[in-house]
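These numbers come from a predicted model, not from an experiment.
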Amino acid sequence: MSLNICWLFKIFRTEDNGISSKVSLEEVLQWPHSFEKLITSKYGPMIYKTYLKTEHSDENIEFWLACEAYKKITSQRKKISMARKLFTSYTQPQAPNEINIDRPARKVITRNIQDPTQACFDEAQRMIYKHMERDPYA
């Protein structure tokens, strides 16, 4: 068995929320070959989050998923509220679920948080995607 799919089998054995029974074997077998397929599948992010909890880095997938939800918000009032929540939870220094992003990305978010745009968190989200793809996924 390939080392990069061992975590999948570990999670499937211990998964008790019923998600693993809803995922097809064909879908799961695609995940080790492409992080993109894992992260964009229906249940992949939830299963991957379960794994990341064992690695103490589930804040990364939580932030990434929250950014995906943020991009879909159409109401400016809701966008501002969600942007502030993302900022205080993940990107401000000493945030409870602080993510590992570089200083320039953090500065852009800090500067834009008063009037957030659709792309306010894009660079930070790209960085987190690369972290997840490169480190715990591999």
Side-chain angles (χ1 to χ4, degrees):
M1 179 183 320
S2 171
L3 287 177
N4 63 346
I5 61 173
C6 288
W7 69 267
L8 286 172
F9 290 106
K10 178 182 174 188
I11 297 302
F12 271 73
R13 275 198 318 260
T14 60
E15 190 74 22
D16 59 1
N17 62 11
I19 293 172
S20 59
S21 65
K22 297 176 185 174
V23 181
S24 73
L25 179 60
E26 292 79 22
E27 181 180 359
V28 172
L29 291 176
Q30 293 299 310
W31 296 345
H33 303 291
S34 168
F35 184 69
E36 180 72 19
K37 288 186 181 188
L38 168 70
I39 204 75
T40 59
S41 70
K42 184 173 182 178
Y43 297 109
M46 290 180 274
I47 293 170
Y48 190 54
K49 180 180 176 181
T50 301
Y51 167 69
L52 289 177
K53 282 183 182 181
T54 68
E55 297 292 306
H56 305 289
S57 62
D58 55 316
E59 71 280 353
N60 290 329
I61 190 76
E62 288 174 357
F63 174 75
W64 191 88
L65 291 169
C67 286
E68 289 297 293
Y70 173 79
K71 290 176 188 178
K72 295 175 183 171
I73 297 172
T74 56
S75 160
Q76 187 61 20
R77 193 181 79 209
K78 288 181 181 178
K79 186 178 293 293
I80 290 169
S81 175
M82 179 69 157
R84 287 184 181 150
K85 183 178 178 185
L86 284 168
F87 178 74
T88 59
S89 297
Y90 299 103
T91 62
Q92 78 178 8
Q94 305 299 316
N97 299 305
E98 187 177 359
I99 55 170
N100 184 13
I101 56 174
D102 64 21
R103 184 178 300 223
R106 201 176 303 274
K107 277 185 161 182
V108 167
I109 293 168
T110 303
R111 188 173 50 244
N112 293 328
I113 199 67
Q114 296 306 316
D115 189 22
T117 65
Q118 195 77 9
C120 187
F121 296 96
D122 283 359
E123 182 59 26
Q125 188 183 20
R126 272 191 293 279
M127 294 173 103
I128 293 305
Y129 182 94
K130 288 180 182 178
H131 287 315
M132 290 189 300
E133 181 179 39
R134 185 183 59 239
D135 296 329
Y137 172 72

Non-hydrogen atoms of M46 and K42 that approach each other most closely: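 Result for this residue pair: CE-O, 3.6 Å.
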Nearest heavy-atom neighbours spanning Q76 and P116: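 So the two residues come closest at NE2-O, 3.7 Å.
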From CA spacing to verdict: side chain to side chain contact (heavy atoms under 4.5 Å, CB included), L86, I109: CA-CA 10 Å; L86 284 168; I109 293 168; over 6 Å; no
Atom NZ of K130: over 12 foreign heavy atoms under 6.0 Å: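 No, because the 6.0 Å sphere around NZ of K130 holds 12 heavy atoms or fewer from other groups.
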Under the side-chain contact (heavy atoms from CB on, under 4.5 Å) test, residues paired with K53 that sit two or more places apart: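 By the side-chain contact (heavy atoms from CB on, under 4.5 Å) rule, K53 matches K49, D58.
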Plane angle bin for Y70 and F121 - parallel if under 30°, tilted between 30 and 60°, otherwise perpendicular: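 Perpendicular: the ring planes of F121 and Y70 meet at over 60°.
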Determine all donor-acceptor pairs shorter than 3.5 Å in which one atom belongs to a side chain in residues 94-103; sequence neighbours excluded.
residue: E98; atom: OE1; partner: Q94; partner atom: N; Å: 3.1
residue: D102; atom: OD1; partner: A105; partner atom: N; Å: 2.9

Carboxylate-amine/guanidinium proximity below 4.0 Å for E123 and R126: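 R126 and E123: salt-bridged.
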Side-chain heavy atoms of Q92 within contact of R106, under 4.5 Å: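 The answer is no, as the side chains (C-beta and beyond) never meet within the 4.5 Å cut-off.
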Sub-4.5 Å side-chain heavy-atom contact between I128 and H131: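 Yes. Closest side-chain heavy atoms under 4.5 Å.
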Rounded distance [0.5 Å steps], [atom1] in [X] versus [atom2] in [Y]:
X    : Y   : atom1 : atom2 : result
M132 : L38 : CE    : CG    : 9.0 Å
H56  : T54 : NE2   : OG1   : 7.5 Å
I80  : M82 : CD1   : CE    : 14.0 Å
S41  : E36 : OG    : CD    : 10.0 Å
Q125 : N60 : CD    : CG    : 11.5 Å
W64  : Y90 : CH2   : OH    : 13.5 Å

Salt bridge (charged side-chain N to carboxylate O under 4.0 Å, His left out) contacts touching residues 72-89 (sequence neighbours left out):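 Pairs touching residues 72-89 that pass the test: none.
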Intermediate values then yes/no, side chain to side chain contact (heavy atoms under 4.5 Å, CB included), T110 and K107: CA-CA 5 Å; T110 303; K107 277 185 161 182; 5.6 Å; no
Near-ring test Y129/F63, centroid separation under 6.0 angstrom: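 Not close enough - the centres of the two rings lie 6.0 Å or further apart.
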